[in-house]
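Below is one structure, written out as structure tokens; comments come after it.
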Protein chains: 2
Amino acid sequence: MAERKRQLVAEELRDAALMLLATRGFDVVTVDDIVAAAGMSRRTFFRYFASKEDVVVRFLADLGADVVAELAARPPAEPPSVALRHALWVPLAACTDHPDHTERARVVVRLILDTPALYARSLEYQIQWRAGLTTELAARHDLDPDADPYPRMAAGMAMLAFDTVLQQWRAGDDEQRLAELTDRAFAVVAPALDGCTASSHAG
Amino acid sequence: MAERKRQLVAEELRDAALMLLATRGFDVVTVDDIVAAAGMSRRTFFRYFASKEDVVVRFLADLGADVVAELAARPPAEPPSVALRHALWVPLAACTDHPDHTERARVVVRLILDTPALYARSLEYQIQWRAGLTTELAARHDLDPDADPYPRMAAGMAMLAFDTVLQQWRAGDDEQRLAELTDRAFAVVAPALDGCTASSHAG
DNA sequence: GCGCCCCTTGACACTCAATGCCATTTCCAG
DNA sequence: CTGGAAATGGCATTGAGTGTCAAGGGGCGC
């Protein structure tokens, strides 16, 4: 199948890029270096990835969709802090499941957090996650996302917890504590997430 | 004085850029368009601003320093939610004081929030604000910012409230409600800001 | 006034990211 | 084998950002 080959080429390009970018640094590695390592044309690279940043952070879009889908699948009676914790755990679970994925994920996380341009681009994706979570939360609690600040801020607090987990995980040693880090982060925002429901600031 | 002239040139460049970018859109306006409108050389633009984004969001760095300074000046006994609310009010107060500043500020806010590249760049500055607030909060509560998630997340929640205020203000009509929007946003995160102090998650 | 010095400016050239265009190759179907 | 669609590679172009150098312009000693 042609579709399968496309994905294969994309992975080849992505692997070569990740290898170079993580070892030498994002700014000093040019697209020419990447395509030379992958044995392809410069033009081909930009047919698979919209930009040099894209090759690193592209997968974030799919992850965001999964997060929002998970939130939508949580039982409506569940407190926001619990539902959001489970939703944000989806991308984190992919790291804990396969040990070989863990180290690769940590390399990517370090690369993103240490490169301003990549971090900015990943923030753009986080904005999309937040928008999705905001819409879903507004629907869950029957609130107007434009008038009531709660849905937007609840989504923001969840993303903040996620970001904090990654920041702590990046410098951390053992990966088993990802769940513990997540619990602790969500425990901080839980009072604001659950303590205030629609009744307290709708009027 | 030469220093005064430098600032004058920078303002000239910034005004011309803001005018073009806000009316025609960020992506379609080139640096050549800006310098042509300002009657200067292309090279001169990049002597005053590091990038096309920089001309719009440069002032955010100074604002961040003011915010952190204000937090440091708040009385230590003040609850975190109150201290942070006052700290984040500093840049907002500049808008409410002078009516002519208000409309200009709103134009810039709209431009930033509607342009992904600018929004991402402004978020990078917000990260710096957050880092400053994190350090200050950790000092106030005698916590380790690396081990305890509270300082980082409290700072993040304050920035989130700030962001929410801007989002609601952008679409809003009258500017007098900025204080009210700020109060409502901080009311959402106050339970997490004040309800949990060092004792609850230090161990 | 005159040369001197320092800073600013403008012009040119260059790298690199990113896009459009077109010829060539590949690959599958008939 | 052959027609055609998709993928590819090469080429040219735009635009951001940087380095370099020559020219201009104002303060200052002479």
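Numbers restart at 1 for each chain; the letters A, B, ... are given by sequence-line order, proteins then strands.
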Would L160(A) and L160(B) satisfy side-chain contact (heavy atoms from CB on, under 4.5 Å), going step by step from the backbone distance to the final call?
CA-CA 9 Å; L160(A) 177 60; L160(B) 177 61; 5.6 Å; no
Starting from the C-alpha separation in whole Å, work towards a yes-or-no answer on salt bridge (charged side-chain N to carboxylate O under 4.0 Å, His left out) for D27(A) and K52(A).
CA-CA 10 Å; D27(A) 294 328; K52(A) 203 170 69 168; 5.6 Å; no
Given the rule in the salt bridge (charged side-chain N to carboxylate O under 4.0 Å, His left out) test, do R170(A) and D114(A) qualify, once you have shown the distances and angles that lead to the verdict?
CA-CA 10 Å; R170(A) 150 198 170 184; D114(A) 291 339; 2.9 Å; yes
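Nearest-nucleotide assignment on DNA chain C puts the 5′-proximal partner with S41(B), out of E53(A) and S41(B).
Looking at heavy-atom distances under 4.0 Å, Y48(A) makes contact with sugar-phosphate atoms alone, never a base. Counting any heavy atom pair closer than 4.0 Å across all strands shown, K52(B) reaches sugar-phosphate atoms only and no base atom. Using a 4.0 Å heavy-atom criterion, one finds that R47(A) contacts the bases of the nucleic acid, with or without backbone contacts as well.
The R42(A) side chain lies nearest to dA17(C) when the options are dG10(C), dT8(D), dA17(C). Comparing dA7(D), dG17(D), dG19(D) by their nearest atom to the side chain of R43(B) picks out dG19(D). Considering only the side chain of V31(A), dA17(C) comes nearest among dA7(D), dA17(C), dA16(D).
Protein atom CZ of R4(A) is 19 Å distant from nucleotide atom C1' of dA6(D), rounded to whole Å. One interatomic measurement links the two molecules: CG of D32(A) to P of dA18(C), which rounds to 12 Å at whole-angstrom precision. What separates CZ of F49(A) from P of dT19(C) is a distance of 14 Å, to the nearest Å. To the nearest angstrom, P of dA17(C) lies 14 Å from CG of D54(A). For the pair F46(B) CZ and dA11(C) C1', the interatomic distance rounds to 15 Å; values are reported in whole Å. When rounded to the nearest whole Å, the span between CG of D27(B) and P of dT19(C) equals 11 Å. Rounded to whole Å, the distance from CD1 on I34(A) to P on dC16(C) is 13 Å. For the pair F45(A) CZ and dG20(C) P, the interatomic distance rounds to 16 Å; values are reported in whole Å.
Between the side chains of D33(A) and T30(A), a donor-acceptor pair is found at a separation under 3.5 Å.
For dG15(D), neither phosphate oxygen OP1 nor OP2 lies less than 4.0 angstrom from any side-chain nitrogen or oxygen of T30(B). Of the side-chain N and O atoms in T44(A), one or more sit less than 4.0 angstrom from OP1 or OP2 of dG9(D).
A salt bridge links E70(A) with R74(A): the distance from a Lys NZ or Arg NE/NH1/NH2 to an Asp or Glu carboxylate oxygen falls below 4.0 Å.
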